[in-house]
Amino acid sequence: MFIMRGSRGIGLALKIHTRNHHSVGIIGAPFWKGQPKDGVEKGPDLIRSTGLVEKLKGQGCSVRDYGNLKFEHVPDDQPIEKVQRPRSVGHANKQLADAVHMIKKDGHTCVLLGGDHSLAIGSILGHAASQKELCVVWVDAHADINTPTTTLTGNMHGQPVSFLIREFHSKIPVMPGFSWIKPCISAQDIVYIGLRDVDPAEHYILKHLGIKFFSMTDVDRLGIAKVMEETCDHIFSKGKRPIHLSYDIDALDPSVSPATGTPVMGGLTYREGIYITEQICQTGMLSALDVVEVNPKMARAEEEISSTAKTAVDVILGCFGRVREGSHTPDYHMPKP
């Protein structure tokens, strides 16, 4: 740990808080058909309305808002076995992948505002098209790694990871709308944080593939600081590389973010949820971010909508260097006057 002394030390320590200039590209994906509850398509505009762009600019980011994607209706989108609305999900994700690729080519850290979590297929594939050797940190109450053959509900927002992992490619049946997809990460490239509602088949997949995950029991046992230390050790075990952070708002406890479609009690506290973003930011390797599953129609009162939207904004701000009052950069101490 370095301790700065004298006036030069003060100058250096002050620069540490503002050393990273972030160029942010925002894309909204008002898409709900990866699950059955409408309202999640209102997430992007709700998050923006809480002052997202202004607050990012206020902490020194340059911001380009690319607006919302417009998704065409796919007629006759009949289920394939259990899988619901596969053509709609496949086409929407292709559109999103192209948009994310463009935003990355423009030189920004991409921020996807969802929409449901099936959108991670397009977001991560679009990211991988411009950034090789990605790693993924998946913050969620759910593993979202069911396959079209193991899913109990048929909802695509519970399956995106299975389409992205190379080791699972042979287990994914051919489906209309998905012929463009080529897996882009390996099982060792992803870490889960916050799991507490995992289907039996998903648990088997996680264990069988040796995927690193931290359930809420692990968070309780280790503490969030140790969880993030082990997460970074794992994803950077072969050197530093770009991070895709996929953040489902239901990772947080419903007392913090109640306006979501599949809330699960016993989730991350506000402080734990924000700490994750701060630690990802401090790696300097965040390259894309998803914030998904904000659904104002699931709220019972206006206060629940406001709480969830503000928390989603705070998640994003934490990823781009917001410093909470009283916090400091871990490796440096400001000198006493």
Side-chain angles (χ1 to χ4, degrees), residues 24 26-59 61 63 65-71 92 96 111-120 123 138-142 144 155-158 193-194 196-197 216 245-278 289-320 322 324:
V24 182
I26 298 171
I27 186 70
F31 183 77
W32 66 271
K33 294 183 179 180
Q35 49 84 62
K37 300 173 183 176
D38 69 331
V40 74
E41 74 279 3
K42 299 181 181 297
D45 287 343
L46 175 63
I47 294 170
R48 286 188 181 96
S49 72
T50 312
L52 173 62
V53 172
E54 295 79 6
K55 289 175 181 177
L56 282 169
K57 289 179 177 178
Q59 61 186 44
C61 299
V63 183
D65 191 342
Y66 289 76
N68 288 344
L69 295 172
K70 292 181 172 60
F71 302 108
L96 176 60
V111 175
L112 162 67
L113 306 179
D116 71 63
H117 215 165
S118 69
L119 294 165
S123 181
W138 193 281
V139 183
D140 202 328
H142 311 90
D144 294 350
N155 297 328
M156 286 297 301
H157 75 160
I193 301 173
R196 57 193 184 278
D197 185 11
M216 282 310 303
L245 176 60
S246 200
Y247 204 118
D248 189 321
I249 206 70
D250 74 22
L252 296 157
D253 191 78
S255 62
V256 178
S257 56
T260 189
T262 51
V264 185
M265 293 297 293
L268 296 165
T269 65
Y270 174 87
R271 286 160 54 188
E272 289 168 338
I274 299 302
Y275 185 85
I276 291 168
T277 69
E278 292 169 344
L289 166 67
D290 311 325
V291 178
V292 297
E293 299 285 358
V294 173
N295 188 337
K297 283 196 172 183
M298 295 296 102
R300 295 168 295 181
E302 191 65 33
E303 292 78 10
E304 293 189 345
I305 297 174
S306 176
S307 169
T308 306
K310 287 178 180 178
T311 300
V313 169
D314 287 350
V315 164
I316 298 168
L317 297 179
C319 288
F320 293 103
R322 188 187 70 165
R324 286 183 286 174

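Residues Leu112 and Leu96 have side chains in contact (heavy-atom distance under 4.5 Å, counting atoms from C-beta outward). Side-chain contact between His117 and Ser246 is present, with heavy atoms from C-beta onward closer than 4.5 Å. In this structure, Lys37 and Trp32 have side chains that are not in contact, with every pair of non-hydrogen atoms separated by 4.5 Å or more. Looking at heavy atoms from C-beta onward, Asn295 lies out of side-chain contact with Glu41 at the 4.5 angstrom threshold. Side chains of Ile27 and Val111 form no contact here, defined as non-hydrogen atoms less than 4.5 Å apart. Using a 4.5 Å heavy-atom cutoff, the side chains of Leu252 and Tyr270 are not in contact. Annotation: side chain of Leu113 is in contact with side chain of Ile26 (closest heavy-atom distance under 4.5 Å). The closest side-chain heavy-atom distance from Met298 to Thr308 is not below 4.5 Å.
The one candidate from Val24, Ile316, Val63 that meets the side chain to side chain contact (heavy atoms under 4.5 Å, CB included) condition with Leu52 is Ile316.
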Check against side chain to side chain contact (heavy atoms under 4.5 Å, CB included), Ile193 and Ile276: CA-CA 9 Å; Ile193 301 173; Ile276 291 168; 3.8 Å; yes
Ile274 vs Arg322, side chain to side chain contact (heavy atoms under 4.5 Å, CB included): CA-CA, chis, key distance, verdict: CA-CA 10 Å; Ile274 299 302; Arg322 188 187 70 165; 4.2 Å; yes
Evaluation steps, side-chain hydrogen bond (donor to acceptor under 3.5 Å, both in side chains), between His142 and Asp250: CA-CA 8 Å; His142 311 90; Asp250 74 22; 3.2 Å; yes
Chi angles and distances behind the side chain to side chain contact (heavy atoms under 4.5 Å, CB included) call for Asn68, Asp45: CA-CA 9 Å; Asn68 288 344; Asp45 287 343; 3.1 Å; yes
Val294 vs Leu46, side chain to side chain contact (heavy atoms under 4.5 Å, CB included): CA-CA, chis, key distance, verdict: CA-CA 8 Å; Val294 173; Leu46 175 63; 3.8 Å; yes
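Distance OG/Ser257 to CD/Glu293: 11.0 Å, rounded to 0.5 Å. Going from atom CG of Asp248 over to atom OG1 of Thr262 covers 6.0 Å, rounded to the nearest 0.5 Å. For the atom pair SG of Cys319 and OH of Tyr247, the computed distance is 8.0 Å after rounding to the nearest 0.5 Å. The OG atom of Ser118 lies 6.5 Å from the CE atom of Met156; values are rounded to the nearest 0.5 Å. A distance of 15.0 Å separates OG1 of Thr260 from NZ of Lys297, quoted to the nearest 0.5 Å.
The two residues Trp138 and Ala120 have their closest heavy-atom pair at CH2-CB, 3.5 Å. In this structure, Ala309 and Thr50 approach most closely via the heavy-atom pair CB-OG1, 3.4 Å. Scanning both residues, Ala259 and Ala299, for their nearest heavy atoms gives CB-CB, 4.0 Å.
Here Lys33 does not pair with Asp116 in a salt bridge; the nearest charged N to carboxylate O distance is not below 4.0 Å. We find that Asp65 and Arg48 are joined by a salt bridge, their nearest charged nitrogen and carboxylate oxygen being less than 4.0 Å apart.
Between the Asp253 side chain and the Met265 main chain, no donor and acceptor come within less than 3.5 Å of each other. Here the side chain of Gln59 pairs no donor or acceptor atom with the backbone of Leu56 at under 3.5 angstrom. No side-chain donor-acceptor contact under 3.5 Å links Ser307 to the backbone of Glu303. With hydrogens and angles ignored, the 3.5 Å screen pairs no side-chain donor or acceptor of Gln35 with any backbone N or O of Gly261. With hydrogens and angles disregarded, a donor-acceptor distance shorter than 3.5 Å links the side chain of Arg196 to the backbone of Gly194. Glu304 places a side-chain N or O within donor-acceptor distance of the main-chain N or O of Arg300, the cut-off being under 3.5 Å.
Residue-environment remark: NZ (Lys310) stays at or below the threshold of 12 foreign heavy atoms within 6.0 Å.
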